[in-house]
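Here the structure is a predicted model, which means the values were calculated and not measured. Naming: A, B, ... by sequence-line order, numbering from 1 per chain.
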Amino acid sequence: MLDSKLLRTEPEVVAANLARRGFKLDVAHLQALEEQRKKWQIKVDELRNERNVNAKSVGKAKAQGIDIAPLLKQVEDLGQQLAAAEAEFNAVQAQMDQLAMGLPNMLQDSVPEGADETHNVEVRRWGTPREFPYAPLDHVALGEGLMMLDFTNAAKISGARFVVLHKHLARLQRALTQFMLDLHTSEHGYQELYVPYLVNAASLTGTGQLPKFSEDLFSLKGEQDFFLIPTAEVPVTNMARDEIIEATALPLRYVAHTPCFRSEAGSAGRDTRGMIRQHQFEKVEIVQLVRPQDSAAAHEELTAHAEAILQKLELPYRVMALCAGDIGFGSSKTYDLEVWLPGQQKYREISSCSNFETFQARRMQARWRNPETGKPEPLHTLNGSGVAVGRALVAVLENYQQPDGSIEIPAVLKPYMGGLERIQKA
RNA sequence: GGAGAGGUGGCAGAGCGGUUGAAUGCACCGGUCUUGAAAACCGGCAGACUCUCACGAGUCUCGUGGGUUCAAAUCCCACCCUCUCCGCCA
């Protein structure tokens, strides 16, 4: 949610910024609505004031034993007037709210211009893709060759876009998860959390998935209003919802491993092969809650924390600054990490690191007490994948493949694999 | 699943339907005192919104949503959540 004051006082500035995303803000409509809202709010306030003043005088009169019948007669139709005015006000306010909740975040100046992903800018590159004297296999061929990557049973059990991992591959995924959590907690200063995987609508509204992107979510058909989390960002960031955090407690750094559930509505036909795009996948997420003045630096730092995972796994990657047209709804600036996949001969997204500034904080009333003003003010939230575990598994398979179809275990994972050196067909 | 208790400000905790947006304590901020600190004392201290250049004024919020009433933290209904006991269970 944007700062409502800014939206009201400088709608053109907001509109110009959002236009960079290709989002058209109808300033005239906004101002017309605002005018109506103000008009009715004043009317409602006046009527309520009249009612309150009257009720008080009734109380006084009664206390003094004066006949209150004439006073009551005076305000006979006040209730109706008030109800009518409130109905008008509520209708306009609802429209305003809907509009406000549908506005994406404003972009930082440093975000590159561009309409789509082809305009994303490469910021840096790490590692050198390995040279293969033969055509490297993709993770599907490798995993199925090992008899450890099983889409057949997954399809039977659930359907498309699910996977069953067997034996060493299942363990490799667990090893990756453990490694990531350990690195973030022991070297990057994050506090590990275990969180619910089912969340309520308020939490999803807080982080920005609702109301606009409900079709991307799985919701439960029970009596309770639950959704499956699309990312740990939702439960973790919402820890701060409706909280006022003391300045001395910031920054807060959280890391959590969760499965993530996405309906992938609208992505039919994309990445149908393999486990790049699944309905259910594992992810380690890092989240920071910081003072506004610290968020830009925290964003760089958080991105570096995600990069450290890939570096220690010795997986070549590049860092992309997403352009205005490709950046997510709630983000003010995003870096994507793209890992090299020899099977595709492409860099593919494995982490997305975003600074939401006050966008999520306003939606969820997550505040810090600014010592300079003494007032609660919205804090800044950031998050990044640190990193997507399923895709990391894919990257390890493809980058560490051997000519005989076996997979060498990355050095940092060996302790988590019980000393296993390589994965080969049993 | 059964029975009961309860949700009030940053925290704890009062609150006969009518000067209660809310006593009191703690925490916090400012001041007096002190070489400094502590203690003591004095003062301030919820949030959001609207009008106003400003001073200031008004509205809303006591879990959420409805209802009763001239008037609701207080009465009624529904829902959500927390706690205790019993049962069941990974």
Side-chain angles (χ1 to χ4, degrees), chain A residues 1-9 30-101 194-206 210 219-220 222-227 235 238-250 252 289 291 358 361-379:
Chain A
M1 200 157 60
L2 302 179
D3 181 358
S4 62
K5 273 208 181 75
L6 186 68
L7 193 58
R8 218 179 309 123
T9 55
L30 179 77
Q31 287 175 325
L33 266 181
E34 170 58 20
E35 206 171 298
Q36 283 295 303
R37 192 194 61 78
K38 189 177 279 188
K39 186 182 107 188
W40 286 112
Q41 169 155 18
I42 291 170
K43 184 70 182 166
V44 166
D45 281 4
E46 280 174 0
L47 287 170
R48 279 177 178 159
N49 181 28
E50 203 177 323
R51 180 199 61 189
N52 292 344
V53 167
N54 197 272
K56 271 194 182 132
S57 49
V58 170
K60 266 187 199 144
K62 214 173 173 184
Q64 294 169 17
I66 301 170
D67 179 25
I68 60 169
L71 279 170
L72 295 188
K73 183 136 193 164
Q74 240 175 15
V75 290
E76 238 173 10
D77 59 338
L78 195 61
Q80 277 190 343
Q81 281 184 53
L82 180 57
E86 279 176 337
E88 294 280 358
F89 174 72
N90 288 339
V92 178
Q93 185 66 56
Q95 282 187 62
M96 288 286 286
D97 289 346
Q98 199 185 359
L99 195 149
M101 291 304 263
Y194 169 80
V195 293
Y197 303 158
L198 302 182
V199 295
N200 55 35
S203 293
L204 287 156
T205 305
L210 289 180
S219 64
L220 267 58
E223 287 177 19
Q224 290 221 54
D225 187 21
F226 282 136
F227 295 84
N238 272 280
M239 296 276 291
R241 172 148 57 88
D242 295 322
E243 299 290 337
I244 299 170
I245 297 167
E246 293 303 326
T248 51
L250 297 176
L252 286 170
L289 308 175
R291 304 185 304 175
T358 59
R362 283 186 206 285
R363 289 176 162 244
M364 66 172 75
Q365 288 280 84
R367 295 168 294 176
W368 71 299
R369 198 174 289 283
N370 184 346
E372 286 177 23
T373 62
K375 296 277 181 193
E377 296 171 11
L379 45 74

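- Between A:I42 and A:E246, the one whose closest nucleotide on RNA chain B sits nearer the 5' end is A:E246.
- The partner of B:A27, taking Watson-Crick or G-U wobble pairs whose two distances both stay under 3.5 Å, does not exist in any strand shown.
- Nucleotide B:C33 forms a pair with no other nucleotide shown, judged by Watson-Crick or G-U wobble geometry with both contacts under 3.5 Å.
- At the phosphate of B:A71, neither OP1 nor OP2 sits under 4.0 Å from any side-chain N or O atom of A:R48.
- Side-chain atoms of A:R363 do not come within 3.5 Å of backbone N or O of A:L204 as any donor-acceptor pair.
- Of the possible donor and acceptor atoms, none in the side chain of A:R291 sits under 3.5 Å from a partner among the backbone N and O of A:L379.
- The distance between atom CG of A:L82 and atom P of B:G67, rounded to the nearest whole Å, is 12 Å.
- Using a 4.0 Å cut-off, no side-chain N or O of A:R51 falls inside it from OP1 or OP2 of B:G18.
- Taking the C1' atoms as reference points, B:A14 lies 12 Å from B:A73, given to the whole Å.
- Between A:N49 and B:U59 there is a side-chain polar atom (N or O) within less than 4.0 angstrom of OP1 or OP2.
- B:U74 and B:G1 have their C1' atoms separated by 34 Å, given to the nearest Å.
- The distance between atom NZ of A:K375 and atom C1' of B:G10, rounded to the nearest whole Å, is 14 Å.
- For the pair A:I244 CD1 and B:A46 C1', the computed distance is 8 Å after rounding to whole Å.
- Taking only side-chain nitrogens and oxygens, A:K56 never comes nearer than 4.0 Å to OP1 or OP2 of B:A71.
- Looking at which nucleotide of RNA chain B each of A:E50 and A:A55 is closest to, the 5′-most match is held by A:A55.
- Residue A:K38 places its side chain closer to B:U50 than to any other of B:U50, B:C70, B:U59.
- Nucleotides B:U59 and B:U20 place their P atoms 15 Å apart, quoted to the nearest Å.
- As a whole-Å value, the separation of A:Q41 CD from B:A48 P is 15 Å.
- Nucleotides B:U35 and B:G44, compared at atom P, are 28 Å apart to the nearest Å.
- In the set B:U50, B:G18, B:U59, B:G18 carries the atom at the smallest distance from any side-chain atom of A:V58.
- A donor-acceptor pair shorter than 3.5 Å cannot be found between the side chains of A:R51 and A:N54.
- A salt bridge is absent between A:R367 and A:E377: the closest approach of a Lys/Arg side-chain nitrogen to an acidic carboxylate oxygen does not fall below 4.0 angstrom.
- Rounded to whole Å, the separation between the C1' atoms of B:C80 and B:C89 comes to 25 Å.
- To the nearest whole angstrom, the two P atoms, one in B:C62 and one in B:G9, are 10 Å apart.
- A:D242 and A:Q365 are not linked by any side-chain donor-acceptor pair at a separation below 3.5 angstrom, with hydrogens and angles left out of the test.
- Looking at heavy-atom distances under 4.0 Å, A:R362 makes no contact with the nucleic acid at all.
- Remark: A:Q95 CD to A:N90 CG distance equals 12.0 Å, nearest 0.5 Å.
- The partner of B:G1 is B:C86, judged by Watson-Crick or G-U wobble contacts that both fall below 3.5 Å.
- Base pairing of B:C75 is made with B:G67, judged by Watson-Crick or G-U wobble geometry with both donor-acceptor distances under 3.5 Å.
- One atom, CZ of A:R241, and another, C1' of B:C80, lie 13 Å apart when rounded to the nearest Å.
- Rounded to whole angstrom, the span from the CD atom of A:Q80 across to the P atom of B:C70 amounts to 12 Å.
- A:N52 has no side-chain polar atom (N or O) that falls below the 4.0 Å cut-off from OP1 or OP2 of B:G58.
- Distance A:K43 NZ to B:C51 P: 16 Å, rounded to the nearest Å.
- For A:R369, the side-chain atoms get nearest to B:G10 when compared with the rest of B:C70, B:U50, B:G10.
- Straight-line distance from the CD atom of A:E377 to the P atom of B:G47: 11 Å, rounded to whole Å.
- Comparing the same atom, C1', in B:U19 and in B:C76 gives a spacing of 27 Å after rounding to whole Å.
- Rounded to the nearest Å, the gap between the P atom of B:C45 and that of B:A22 is 10 Å.
- Using the Watson-Crick or G-U wobble rule with both distances under 3.5 Å, B:G21 pairs with nothing in any strand shown.
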Walk me through whether A:K38 and A:Q41 qualify under side-chain contact (heavy atoms from CB on, under 4.5 Å). CA-CA 5 Å; A:K38 189 177 279 188; A:Q41 169 155 18; 5.7 Å; no
